[in-house]
Every structure is written in structure tokens, then in C-alpha cells.
There are 2 protein chains.
Amino acid sequence: MQSTCGSAKAQTGGGHGQGGLIAVYDDGGPLHNLRRNARRVRAGHVLVQDGDEFDKVIVVIEGWLATSKSFEDGEQQIIDFILPGDILDPATADGLTVGVTLEAVTDALVSIIPASVWQTMLKTSPTLEDMVGHLWAATQARTSERLLRLGKGTAPMRIAFAILELSLRLRALGHDTDTAFHLPLTQKALGDYTGLSSVHVCRTMRRLVRHGVIETSDHIDIRIVDLQTLSEIAGIDVKRLQQEITPTAA
Amino acid sequence: MQSTCGSAKAQTGGGHGQGGLIAVYDDGGPLHNLRRNARRVRAGHVLVQDGDEFDKVIVVIEGWLATSKSFEDGEQQIIDFILPGDILDPATADGLTVGVTLEAVTDALVSIIPASVWQTMLKTSPTLEDMVGHLWAATQARTSERLLRLGKGTAPMRIAFAILELSLRLRALGHDTDTAFHLPLTQKALGDYTGLSSVHVCRTMRRLVRHGVIETSDHIDIRIVDLQTLSEIAGIDVKRLQQEITPTAA
DNA sequence: CGATGAGTTGACGTTTGTCAAGGCCGGTGG
DNA sequence: CCACCGGCCTTGACAAACGTCAACTCATCG
């Protein structure tokens, strides 16, 4: 699937002024000239492989990226989705190599900034430093919630949480409506994100549909029908999650 | 268990000059006067609860802390262990509340720094900024490896990895020998860290012992007998893991 | 010496993964 | 236009991994 249509829906939308950090790109903020140096990548393209030498920082302008790690046998875990407005420094502690594979989930527009340049930008722009701090806190909070659910949560809980998390992140970008949105993901990808097999993702989502919690069309366009129940299954209060993971523009 | 003896073993050891960031505390670095303002906490003490308002940064000088999250039913996941030399900013994206519970695993010595003071320290000390960057990269790398194993790894793999990860972190602090070390953890806590029940942690560790991969005494003093096999079970090359997660002093 | 808490082990149930088969849909080439 | 193909979703049957419950041991501590 991954139709260009869906991607476009998820990618564009600057100018909503809805509060997403992406707005900074177009408002004369420290990243305002990012689009000029940006590079277009197509869905499926691998930007960096786990273990590669690489000392650059990635800023996503349009589209979805994903970081992942995998075992030799091919089992793969998606570490995080990197959405428009997100900034990724994939370096490990050695400062030379990266610890994740970075791949474009949809067609995307990214800016690739050498580490030295990035350092300079940071030290000359307190605004940018604040942005990075907020993004980092948001990432930490999201990762903690996800670790909890990967370690101790059931399949319905993991799926429900992923839906809520992604819907909140998309909404913060000013896309989609409150309850309906498009995920440019296969069920396999959703399983790689939640630590489940694609078969079990399917079963679990069908059950959520049968119970009237969500509705789906085209298999992966999701509409939240019963937000209250969904957040109970996910084990989180939606407002609280929003505070935790939505970077309030500084 | 958690004997004071064991705690002491894990806590002290400054002055080895082995390269751990903890050395900076005693070498006139930007944190050299940290001990003066430090606060002593006892094992089991909860410093902050998930959801609390709190805008301070924690620097660990001696002892182990742990960040965790839990569900209403009491199921708990340890997000990370915070060891001497580590710096923790538990804030979420809203900048006001924290997203994890922070608890002392052993008796510990910590410095609690108001966010505003911390910001000033950062902006006036490039050295400190570099340290934080390296620590952050190390944390990211460790978390990614752990997400992979929580999502797609078997119980033996999670346990083997936890043993390797913690042994490397301890070794970087200059404690313990290459292969033998003490973990101030119950099997329940190891389970909360690896996403397993305490019963299954026990079974899995006994199997590792029977197969001659590790040896244990006092149930939780661990000696690695067959490092090669252990790292194969964990699904990682030890040298690579060390590069990823050991912050090379800047 | 009883009480408590942690580790150990076995029996059993539940959740989830694996395998296999079928349906749907879009693309491709005759 | 149509036949074919490959991906993806869906569903059922079965197997494996892991959690739960319960009983026992052992060490520690009052």
C-alpha cells in the first residue's frame, strides 16, 4: 500500500501553525533555511545501517522515517518513528558509529547536517538548544512508556498504545482530524514496532474493531470510535500522554 | 539481601582513574564540587514518583538508582539503572512533570541540581556539555539494544544481555574484575528490568549455570565463565557493545 | 525459635508465535 | 481485456514460550 496519497497527507501541512516544531522551519526560526539543503528520499530507502560510520544529524522535514535494529536471523524491532520536526542524532557513545538502521517509511524530505556544523548551530542558537531539549524529553517519555508495554504489557495494550501515541504525534503536526488518521504502515511494520508478529497484530486489531473501539478502512486507515475504552486498554490517560510526549514549542 | 557489603562494593571505587566519567568529580572537572552538595539516600528510598512535579537534574555519585514505570495493577518495568557518573533529567516534554519513578536500589549519594542552575552549568562548561552528549548517546544505544530484546528476544537472550550490559557498565567504573561482579538486585528486579517474571528469571539463570556459561554465588554474585557463549546467547559482540555504551571520557 | 523474604522447582494454563491455506487487490505482460 | 503474479491481510490449527500458583528450602533477623 503506502500510497503516495497517504504519504502526502502525512507529510505536508506546514502553515497550520498548530504548535508543532515543524512550524519553526517556516517561521524564520533557527532552521528556516533547512529546506534548501534538504534531500529527497524514497520510501524504503536506507539512509544509514546499524554499525556504519556516520557523524551527521538528521532533521526530518516531510515524511516518516524509522530507526530499527535487527538480529542476524532477520527479526527486526522498530526503535522509533521519526516524524516531521524531529531531530535524530543516531551516534553511539563512541561518537563514530551509529547504533540503529535508519530507513524511510514514506517518501521523505530530510536535511543531513554534519556533526561539527550541528554543534555550531546549537551553540549559537539558544532557541535551537531549547527545541532539542524538549524533543529529547518527549522522546525519553515515549520510550519509557513503550519499554513498559514491551516488557509487561499484553498485545491489546501495545496496539492500543501505539495507535494513541501515533495519533497524538500526528495531531501535534496539524494533520488529520482528531480521531481519524492514516498510518503508512503494514501490519508487519506495526508488529516490528510493538514486538508482535504480523499475524497477532491482525488478530488484535480485528478484535478492537469487533468490540467497537476503532474502525479501519484500507486495512490501516484508523478511526478511533471509543477513545475512553481505547485509552483504558492502552493503560494511559490521553491528556497525560499528550503532556508527556508533545513538545510544547519553546 | 542487598547487603551493605555488596552495596559498598558497588559504590566506592573513586580514584581508580579508570576512565569512567565519575573520575571527573575528583579531577577538578566541572562537577568537582558535587560531593559537597550531595545528599545521601538509603536503599529503597523513592526520590520522585512518576507524574510528580519536579524540575531538577540528578547526578549519581555513589550507588545504584533505577527509573521505573508501572501499571495500576502493580506490574513494574525498570526503565534503566542509573549508575555512578550518570546524569538523569527525568522531565517529560511539558518540562514540569517527570515520566518515571526514581528509586535508590542501594544506598546512594546523589546531587540534586535545580534545572535553572543546571542550564547555567551547561552553558558555561563545554566540557560538561560534551560529557552530557556522550552519556546521552550511550543511553540511547543501550535503550535501543534493550528495546530490540524486549520486543523480539527470548528470555535467555534478555538475561544474557542484561548480564553483559551491567558487567560492562560496572567495569567502566573501575569496579570488580573482568568476569566477576556483584549485582545488588533480586531476581524480581532483574525480571522487572528484562520484562520477565521472577520465576522465569530463576529458571533461565539456572540453565545458564547448568550449561557452564556463568557461575553464581549468594544467588546474585555472577562470574562469567564462557564469555563467548554468553555473548552469542545475548546476540551481540562484546567489543561492539562496549564501544556503543561506554562513554569515552571527552 | 518463629517469622519473613528470596530462591528453587514442578504442574498447569494462557498468551503468543508459527505454519498453512485462502481471499483481495494492484500491477504486469500477453 | 484478461490471465497471472506477488504482497498483504485474514483465519484456523497447532506448538512453544512464558506466567501463575503452590510447595519447599534456606538464610536472616528479631
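The figures here come from the full heavy-atom set of this structure, side chains too, leaving out hydrogens, waters and symmetry mates.
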Exercise. Which part of the nucleic acid, if any, lies within contact of A:G191, taking any heavy atom under 4.0 Å across all strands shown: a base, the sugar-phosphate backbone alone, or nothing?
Worked result: nothing

Exercise. Which whole-number value in Å describes the distance from A:D73 CG to C:dT18 C1'?
Worked result: 14 Å

Exercise. Is a side-chain donor-acceptor pair under 3.5 Å present for A:S111 with A:R35?
Worked result: no

For this session: Before accepting this row, confirm whether a basic side-chain N of the pair A:R158/A:E165 lies closer than 4.0 Å to the acidic partner's carboxylate O.
Result: no

Problem set entry | Distance in angstrom units between A:L190 CG and D:dC9 P, rounded | 10 Å

Problem set entry | Sugar-phosphate, base or nothing in reach of B:T154, heavy atoms under 4.0 Å | sugar-phosphate

For this session: Compare side-chain N and O positions of A:Q187 against OP1 and OP2 of D:dG7 and report whether any pair is under 4.0 Å apart.
Result: no

For this session: May I ask you to check if A:R142 and A:F81 form a cation-pi contact, with NZ or CZ under 6.0 angstrom from the six-membered ring centre and within 45° of the axis?
Result: no

For this session: Cation-pi check, A:R146 to A:Y193: give yes when NZ or CZ is under 6.0 Å from the six-membered ring centre and within 45° of the ring axis, no otherwise.
Result: yes

Exercise. Out of D:dG12, C:dG10, D:dC18, which has the shortest distance to the side chain of B:P156?
Worked result: D:dC18

For this session: Could you work out which one of C:dT18, D:dG19, C:dT9 sits closest to the side chain of B:H200?
Result: D:dG19

For this session: Nearest whole angstrom, please: distance from the C1' of D:dC8 to the CZ of A:R206.
Result: 13 Å

Problem set entry | Touch class at under 4.0 angstrom, heavy-atom based, for B:R203 against every strand present | base

For this session: Could you check how far CZ of A:R158 sits from C1' of C:dT15, rounded to whole Å?
Result: 10 Å

Seminar exercise, completed: Rounded to whole Å, CD1 of B:I159 lies from P of C:dG7 at a distance of 12 Å

For this session: Between B:A155 and A:M205, name the one whose nearest nucleotide on DNA chain D is closer to the 5' end.
Result: A:M205

For this session: In plain terms, say whether B:D50 and A:R240 are close enough for a salt bridge, that is, a side-chain N and a carboxylate O under 4.0 Å apart.
Result: yes

For this session: Report the distance from atom CD of B:E75 to atom C1' of D:dC18, rounded to the nearest whole Å.
Result: 13 Å

Seminar exercise, completed: Considering only heavy side-chain atoms of A:L196, the closest of C:dT16, D:dC18, D:dC8 is C:dT16

